[in-house]
Amino acid sequence: MTEHLLANLGVPYSRPGTPGAHSNVQIGWIGLGQMGYYMARNLAKRVTPPGSQPLPLKVWNRTANKAEKLQQQLGKALITIAADIEEITTTCDVIITNLSNDEVVKEVYEQCARYLKLAPPVKNKIFVETSTILPRLSGELDYLISRLAHCHYLSCPVFGRPNVADKAQLLIVMAGEYRSKKEVAYLLVPAVGRKVIDLGENVEKAPTFKLLGNSMILGAVEVIAEAYTLGDKAGIEAGRIQDLIGEILPAPGLMGYADRMARDDYNGEDGFSLEGGIKDASHIRHLTAKYTAPMPMIDIAHQRLITARAIHTTQKEEGTQSHDVLDWTALIAGSRVAAGLDPFQSRKASDLFEV
């Protein structure tokens, strides 16, 4: 079975009808952060049907050095650097965004809409928003883009940390117009992710689904943090607790978070940032209020994240911080301080693990 046939196993749609059409699609990418860099890189390297050569991926990032780094890594045959968002908007058939927060997402899409009003497209153009945003913003973006001639909007958040994005194993959630989903799904699987989950045409469903998933992960991370804290107070080595988590909660993602906490490794440069965790927790709490469906564990986790940020801010002011950016597993600081322990350094980690 070829790689192209294997891709069908992760895509809930039939393959688009025109063979090799994807090789003629100009794809643009906006946002090369911790997730976006790996996703864009893998998409640029995607495998296409024999005899076809995809157009170079056109990328733009607020800081040009990341775009330049990606081009240096893959070469000009695979990466072209756009001068600005206007170039991406007006010259690309599929525009994929991966951005840090709702405010930036809204600003970028408003710019795109302005450019398209000045230069209306003459053929189909698909916008694919992969960030974690509030559902209502996704609805606003759909209205903003879909009312423009030949333009379509897809909500397409992803599950997975940067190391998962690096391996092209993301779980992709899609909502929006069917034909657009079909086109984009076969661009992203298996190049960027392993599977697509279709949430129908209501674009607010995909970000809601994403936040539901993140609520499960965040709640589990908080429980694990509390277990490590209690274990530290009770004299149970972190390594023992980590082994137990592997026996009773063997999900790869949770094991990764558990390993970070066992090692007191809260460096957010290569993980999911504390600020991203605060944003997601705030979004989840917004949904719980909207639907009158309390999630007490998320309320607690949100408090822990804020506590960790406050401690880290003070450390940065004093010049005593270990990392410039914290991973969201640093929420353990809240439970550790409440238990009278050092926020980020367990009493036994240095004895259990080699540096």
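Side-chain polar atoms of Asp102 and His283 form a donor-acceptor pair below 3.5 angstrom. A side-chain donor from one of Asn214 and Lys210 sits under 3.5 Å from a side-chain acceptor of the other. Ser180 and Tyr153 share no donor-acceptor pair across their side chains, judged by distance under 3.5 Å alone.
To the nearest 0.5 Å, the span separating CG on Asp280 from CG on Asn101 amounts to 11.0 Å.
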Pair Arg336, Asp264 - check salt bridge (Lys or Arg N to Asp or Glu O under 4.0 Å), show working. CA-CA 12 Å; Arg336 290 185 58 79; Asp264 293 335; 5.8 Å; no

Derivation of the side chain to side chain contact (heavy atoms under 4.5 Å, CB included) call for Phe344 and Gln315: CA-CA 11 Å; Phe344 301 122; Gln315 290 181 342; 3.6 Å; yes

Apply salt bridge (Lys or Arg N to Asp or Glu O under 4.0 Å) to Arg41 and Asp166, showing your working. CA-CA 9 Å; Arg41 183 202 65 190; Asp166 183 23; 2.6 Å; yes

Would you sort out whether Arg309 and Glu275 count as a salt bridge (Lys or Arg N to Asp or Glu O under 4.0 Å), showing the intermediate values? CA-CA 8 Å; Arg309 181 169 67 180; Glu275 290 302 319; 3.0 Å; yes

Name every donor-acceptor pair, under 3.5 Å, that has one atom in a side chain of residues 107-116 and the other anywhere in the protein, sequence neighbours excluded.
residue, atom, partner, partner atom, Å
Tyr109, OH, Thr97, OG1, 2.8

Mind listing the side-chain donor-acceptor pairs of residues 75-87 below 3.5 Å, one per line with the distance, residues two or more places apart or on another chain?
residue, atom, partner, partner atom, Å
Asp84, OD1, Glu86, N, 3.3
Asp84, OD1, Glu87, N, 2.9
Glu87, OE1, Ala83, N, 2.7
Glu87, OE2, Lys58, NZ, 3.4

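Residues Leu341 and Ser346 form no side-chain contact, since every pair of their non-hydrogen atoms from C-beta on lies 4.5 Å or further apart.
Judged by distance alone, with hydrogens and angles left aside, the side-chain atoms of Asn61 form a donor-acceptor pair with the main-chain N or O of Leu32 at under 3.5 Å.
Every residue was checked against the salt bridge (charged side-chain N to carboxylate O under 4.0 Å, His left out) condition with Glu204, not counting sequence neighbours, and none meets it. Considering only residues two or more places apart in sequence or on other chains, Glu222 meets the salt bridge (charged side-chain N to carboxylate O under 4.0 Å, His left out) condition with Arg304. Under the rule for a side chain to side chain contact (heavy atoms under 4.5 Å, CB included), the partners of Ala206 that lie at least two apart in sequence or sit in another chain are Ser155, Pro157, Val173, Ala175.
Using a 4.0 Å cut-off between charged side-chain N and carboxylate O, Asp270 and Arg161 make no salt bridge.
Within the structure, no pair that satisfies the ring pair (Phe, Tyr, Trp, His ring centres under 6.0 Å) test touches residues 193-242, not counting sequence neighbours.
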